[in-house]
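Okay, structure first, notes after.
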Amino acid sequence: MDDLSLQVDEIEALVAIYDKEWQTTDEENRAYCINIRNGDSMVRLYIKLPSNYPSSVSPTYEISAPHLSESQKNHIHRLLDEVCLTNLGQNVIFQLVEKVREVLQFNFQGSAWSELESWPESEEINIVEPEKMRPNNAEYQCPDILHGGVIMDRKSSFQGHAAIVHSVKQVEQVIHKLLEAKKIQQATHNVYAYRIYRQDVKCFLQDCEDDGETQAGSRLLHLLQVMGVKDVVVIVSRWYGGIQLGPDRFRHINNAARQVLATGNLIPDKARKKA
C-alpha cells in the first residue's frame with residue numbers, strides 16, 4: 001500500500017478507537033488533534049502527516065499543556081521522539097497518543113515526577129482474557145464465540161463476533177461454527193481478521209478476508225494492529241439493506257468490531273477508549 005492509503009486506514013482506525021476525541025483540524029493538509037485527559041490534567045496533541053509518512057518519516061507533532069511546567073513538557077517530547085524513532089517506517093499515531101496518556105497517569109509533583117524521569121518503556125501489551133472465553137487446550141474444540149450488539153444504518157445491519165484463538169485451525173473452527181447459524185450464513189458479507197502471536201518465533205501470524213466487501217478485511221486487520229490486539233479473531237457480519245452507505249460502511253464495520261472486543265475485555269488496557 002502507498003503512504004496515502006496507509007494514512008487513510010490509520011485515521012479510520014483512530015476514529016473507531018477514539019470516536020469524537022479525535023478531531024480533524026485541516027483535512028487538506030492532513031492535520032489532526034486529540035485532547036488526552038487524566039483527571040484534571042489535559043494535553044492537546046497536534047498531529048500533521050507528511051506526504052511520505054509512514055514509509056520514510058514520522059508525523060510532526062506539537063503538544064499544548066499550559067498546566068505543565070517546561071521540564072515536564074520537554075520530558076513528554078523526549079518520550080514521543082523515542083516512540084517515533086523506534087517505529088520509523090510504521091504507523092505510529094496510536095503509540096504517540098497512548099504514550100501521552102501514560103505520562104498523565106503520573107502525579108507530576110514531588111517524588112512521582114522523579115520516578116517518571118526514569119520510567120521504562122513498556123515492551124509488551126498483555127490482554128486480560130475473561131475466563132468464560134479462554135479456549136480449551138484441546139485443539140479440536142472450537143473456542144467460545146462472543147457476539148456484539150447490532151448496528152443499524154439505512155436498513156443495513158452490522159454485528160461483530162470475536163473469539164480467543166491460538167492457531168489458524170481454531171480460526172477455521174470459529175468461522176465454521178458461525179456459519180452454522182442460518183442468519184449469519186445469509187449475511188451479505190462476513191468480513192474477518194485475526195492476529196495470533198507466535199511466542200516461539202516472536203512474531204505475529206495474521207490474515208484477513210474481505211468476503212466480497214473490497215478492502216474491508218485489510219481495514220479490520222489494521223484496526224487490530226493499531227489497538228495491539230492479539231490471539232483474537234474478529235468477524236463482522238453485514239446484512240445489506242438495499243441502500244448504499246459509501247465509506248460509512250467501513251466505519252460501521254470498525255465500530256462493530258471495537259464494540260465486541262470491548263465487551264469481551266479483549267482490548268489491551270492502553271487502547272481502551274476513555275468514557
Side-chain angles (χ1 to χ4, degrees), residues 1-34 45-61 80 83-99 151 153 156 158 160 188-196 203-230 232-238 240 244-259 261 267-268 271 273:
M1 297 177 68
D2 59 25
D3 283 323
L4 181 57
S5 298
L6 290 171
Q7 290 180 24
V8 169
D9 283 358
E10 182 175 24
I11 297 305
E12 287 184 354
L14 292 167
V15 170
I17 296 169
Y18 298 115
D19 196 23
K20 295 180 181 179
E21 292 180 354
W22 180 263
Q23 300 176 21
T24 300
T25 58
D26 186 343
E27 180 64 40
E28 183 177 354
N29 292 306
R30 312 293 288 171
Y32 309 89
C33 73
I34 181 171
L45 178 64
Y46 295 92
I47 298 284
K48 187 173 181 181
L49 307 183
S51 60
N52 53 347
Y53 164 80
S55 65
S56 303
V57 300
S58 299
T60 59
Y61 67 86
L80 297 186
V83 170
C84 288
L85 183 61
T86 303
N87 296 276
L88 189 62
Q90 304 176 41
N91 296 103
V92 75
I93 301 174
F94 174 76
Q95 288 92 325
L96 294 176
V97 173
E98 294 309 311
K99 178 57 68 177
I151 297 173
D153 182 9
S156 284
F158 302 79
T188 312
H189 311 287
N190 284 298
V191 180
Y192 72 82
Y194 65 85
R195 298 185 81 222
I196 300 170
C203 69
F204 280 95
L205 181 65
Q206 56 188 22
D207 203 354
C208 59
E209 170 60 47
D210 292 338
D211 193 29
E213 185 68 280
T214 305
Q215 298 184 359
S218 60
R219 291 167 185 256
L220 185 57
L221 177 59
H222 187 73
L223 177 68
L224 301 185
Q225 293 168 337
V226 169
M227 291 193 297
V229 173
K230 68 177 182 179
V232 168
V233 58
V234 177
I235 305 94
V236 177
S237 302
R238 181 200 179 182
Y240 180 57
Q244 294 187 358
L245 303 185
D248 283 346
R249 68 191 189 278
F250 297 121
R251 177 168 55 86
H252 295 321
I253 289 172
N254 274 353
N255 286 336
R258 180 175 58 80
Q259 181 189 89
L261 290 170
I267 302 176
K273 179 180 175 292

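The shown structure was predicted, so the numbers you read here are calculated from the model rather than taken from an experiment.
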Should [X] and [Y] count as side-chain neighbours, where that means a heavy-atom distance under 4.5 Å?
| X | Y | answer |
| --- | --- | --- |
| C33 | I47 | no |
| L14 | F94 | yes |
| M227 | L261 | yes |
| L49 | I11 | yes |
| L96 | P59 | yes |
| W22 | I93 | yes |

Which pair of heavy atoms, one from [X] and one from [Y], lies closest together, and at what distance?
| X | Y | value |
| --- | --- | --- |
| D211 | V191 | CB-N, 4.4 Å |
| A256 | I151 | N-CD1, 3.6 Å |
| L223 | A13 | CD1-O, 3.8 Å |
| K99 | V83 | CE-CG2, 4.0 Å |
| S156 | R238 | OG-NH2, 3.4 Å |
| L221 | C208 | CB-CB, 4.2 Å |

What pairs with [X] under side-chain hydrogen bond (donor to acceptor under 3.5 Å, both in side chains), at least two apart in sequence or on another chain?
| X | result |
| --- | --- |
| Y53 | E10 |
| S58 | none |
| R30 | Q7, E27, Y32 |
| T25 | none |

Separation between [atom1] of [X] and [atom2] of [Y], rounded to the nearest 0.5 Å:
| X | Y | atom1 | atom2 | result |
| --- | --- | --- | --- | --- |
| I235 | N190 | CD1 | CG | 8.0 Å |
| Q225 | Q90 | CD | CD | 9.5 Å |
| L80 | L85 | CG | CG | 12.5 Å |
| K230 | I196 | NZ | CD1 | 12.5 Å |
| E213 | R219 | CD | CZ | 9.5 Å |
| H222 | N91 | NE2 | CG | 4.5 Å |

Next on the checklist: Has D210 got a side-chain atom pairing as donor or acceptor with G217's backbone, closer than 3.5 angstrom?
Outcome noted: yes

Next on the checklist: I'd like to know if the side chain of D26 and the backbone of A31 have a donor-acceptor N/O pair within less than 3.5 Å.
Outcome noted: no

Item to check | ring-ring contact (aromatic ring centres under 6.0 Å, His included) partners for F158, two or more places apart | outcome: H252

Checklist outcome for this item: By salt bridge (charged side-chain N to carboxylate O under 4.0 Å, His left out), E209 pairs with (sequence neighbours left out) none

Checklist entry - Is there a donor-acceptor contact under 3.5 Å linking the side chains of S5 and D2? => result yes

